Amino acid sequence: MKSFYLTTAIDYVNGSPHLGHAYEKVLTDVIARYRRLMGDQVHFLTGVDEHGQKVQMSARKKGIDPQQFCDETSLEFRALCTKLNISNDDFIRTTETRHKAVVRELLQRLFDKGEIYRAEYKGFYSTRQEQFLQEKDRLPDGSWPEIYGEVTEITESNYFFRLKNYQEWLIGYLQEHENFVFPRYRQKQVVEFLKEPLNDLCISRPRERLEWGIPLPFDEKYVTYVWFDALINYISAIWKDGAPDPRFWPVDFHVIGKDILVPPHAVYWPIMLKACGIEPPKALLAHGWWLQSGAKMSKSTGNAVNPLDLVGQFGADAFRYYLIREMNVGQDSDFSAEHFVIRYNSDLANDLGNLVNRTLNMTNRFGGGVIPAAEVEEEPEKELKDLWAKTQAEYTPLCEGLQFHSALERTFVFVKAINAYIEKRAPWKLGKSTEAADQARLRTSLATMAESLRLAATFIQPVMPGTTEKIHAALGYKAGAVWRDEHPWSTKLDGCKVEQGLVLFPRPEPAAPAAGAAPAQPKQPKQPKQG
RNA sequence: GCCAGAGUAGCUCAGUGGUAGAGCAGAGGACUCAUAAGCCUUUGGUCGCCGGUUCAAUCCCGGCCUCUGGCACCA
């Protein structure tokens, strides 16, 4: 069985989860679920980054121990995974012993090899912000901004990692591995970055300045800083006998935000691994950001909508659907609650949810609640089956290319076609006919709509696993163990007993006529005709 | 400044060397199994601007404008 290891970035616990965290987890989860369905042995890791100055300061502000602070806030991130139905196999925290041990082991290994050395670092230090400043932090007139308070030039001794020794190696590696970074154009950014000479990387902080970190094994007066702590999580979580578990390493995908691609994941990380004698990752997937231009405006009026509230209101599957359907992986996209409601109503409630409900109702009314076998194949059936063949052919390549938004789009084209098929057959008319041929067509139409619904449900599974299960259950069906065997058009449903009715995606209550932007009013009902 | 991405119907986007497409929104219609859902029909665009190559460019080339992101020790 092929193994497939993928990770999200670990989230910094000095703050609450937001849409960006949610998206990264959902995207990674969709890939993970898809690979599992394709038969891979998946290992999906996520977690939290808990060290550093900000955590130390936040804990102090609350008057609690940093560890206690981490214990509390990391729970929020775990809760987010549960809420979004994330199927991670592991959740790592950088304050765990298993992690700290590996960090120290690798630091020692590099120190022994001479990859880490001690040197003086001279710079401008802000006591108030407890950090070194950069030349770019200066105001145009050369002074330092007010927020830094008193700035003094100090010299500090620190440990450095010989990054620049590996610059040529990395450039060559990127040439040989053109698909190291997805999307491709981001790899160009990395190559561009490497045209400038690298400096060695400062990897320590003196403990008097930063207490909350992992002490260097060869000098306990220092803790390691940021990258040699956080990035290591990807291997510390699967550490086995002095190396990352060969069943999973090298990792198939590190899913990260575009903001931490260059330089941390695309430069520091491969070089760190190379220096340790460990293989680099197979690929990095840098996703874009959700912009919330609309939210900023409403914030000023105090009406800010937290996107994560939509999960509670509409369910994890609907939320996941929106994120995956709207975002072209790698690009940025705009998030708006209005847009969300429009998609929810149109795709999920009207097209899919309503289709499920009407299929169940017709099967009960015209078929006695049991899905009959198809008996004829005329133009309407042929058209629908042809479309399925086309959908099936396109689906897998799209998913393999991470084009999940397109894969969903094709699947919903098929869903719409099922609705159109039903109109063509009009079982409610066939039901009134006593002709044997019409009765055969009626049974065929019930079988066809049920089967096509089963197939559509199968294809939405990586994105909306709960919905797939509900639809299959409503059809009285339990999917087999091998997903790909579920893809072809079949007679698997013959004789299945269906449920009474099922409203999967209830339409939201009409928005209260509160001031300002009322989101997505439901369409005005048409007046029923008199008579 | 440098690098990259993007500028196509009201909105979100697809697209090909031969006088433009989808979904949503809008308009009209027939139906009733259904979450007043679904189906059918339909109104919208000098495809950022200016040149060039070509029989022919939205798609090729050059220039320009606008937007977004990155340009290191900051999660």
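The shown structure was predicted, so the numbers you read here are calculated from the model rather than taken from an experiment. Every chain is numbered from 1 and lettered A, B, ... according to where its sequence line falls, protein lines coming before strand lines.
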Participant: Using a 4.0 Å heavy-atom cut-off across all strands, classify A:P263 as base, sugar-phosphate, or nothing.
Facilitator: base
Participant: For A:V223, give me all partners under side chain to side chain contact (heavy atoms under 4.5 Å, CB included), at least two apart in sequence or on another chain.
Facilitator: A:R205, A:R207, A:L210
Participant: Touch check for A:K258, heavy atoms < 4.0 angstrom, all strands: base, sugar-phosphate only, or nothing?
Facilitator: sugar-phosphate
Participant: For the residue pair A:H265 and A:Y234, categorise the inter-ring angle as parallel (less than 30°), tilted (30 to 60°) or perpendicular (more than 60°).
Facilitator: tilted
Participant: Does A:R205 put a side-chain nitrogen or oxygen below 4.0 Å from OP1 or OP2 of B:C74?
Facilitator: yes
Participant: Which whole number of Å gives the distance between the P atom of B:C50 and that of B:A57?
Facilitator: 14 Å
Participant: A:F412 near the nucleic acid: base, sugar-phosphate alone, or nothing, with a heavy-atom cut-off under 4.0 Å?
Facilitator: nothing
Participant: Using the P atom in both, what is the distance from B:A56 to B:G51, to the nearest Å?
Facilitator: 16 Å
Participant: Specify whether A:F319 and A:F340 have parallel, tilted or perpendicular ring planes, treating 30° as the upper limit for parallel and 60° as the lower limit for perpendicular.
Facilitator: tilted
Participant: Indicate, with a heavy-atom threshold strictly under 4.0 Å, whether A:I10 touches base, sugar-phosphate, or nothing.
Facilitator: nothing
Participant: What's the closest nucleotide to the A:N354 side chain, out of B:C39, B:U35, B:A72?
Facilitator: B:U35
Participant: With heavy atoms under 4.0 Å as the rule, sort A:Q189 into base, sugar-phosphate or nothing.
Facilitator: base
Participant: Under 3.5 Å, is there a donor on one side chain and an acceptor on the other for A:E76 and A:S16?
Facilitator: yes
Participant: At less than 3.5 Å, do the side-chain atoms of A:E423 and the base atoms of B:G38 form a donor-acceptor pair?
Facilitator: yes
Participant: Across the strands shown, which category fits A:L163 at heavy-atom distances under 4.0 angstrom: base, sugar-phosphate, nothing?
Facilitator: nothing
Participant: Touch check for A:A420, heavy atoms < 4.0 angstrom, all strands: base, sugar-phosphate only, or nothing?
Facilitator: sugar-phosphate
Participant: Parallel, tilted or perpendicular, judged at 30° and 60°: which one describes the rings of A:Y166 and A:W169?
Facilitator: perpendicular
Participant: Should A:R507 be listed as having a side-chain N or O under 4.0 Å from OP1 or OP2 of B:A37?
Facilitator: yes
Participant: Touch check for A:D259, heavy atoms < 4.0 angstrom, all strands: base, sugar-phosphate only, or nothing?
Facilitator: base
Participant: Taking the nucleotide of RNA chain B with the closest heavy atom to each, which residue, A:K416 or A:E326, is nearer the 5' end?
Facilitator: A:E326
Participant: When only distance counts, do a donor and an acceptor, one from the side chain of A:N350 and one from the base of B:A37, lie under 3.5 Å apart?
Facilitator: no
Participant: In this structure, which stretches of RNA chain B are paired as stems of three or more consecutive Watson-Crick or G-U pairs, both distances less than 3.5 Å?
Facilitator: B:1-7 with B:65-71, B:10-13 with B:21-24, B:26-29 with B:39-42, B:48-52 with B:60-64
Participant: Report the relative orientation of the aromatic rings in A:F180 and A:Y173; use parallel for angles under 30°, tilted for 30 to 60°, perpendicular for over 60°.
Facilitator: perpendicular
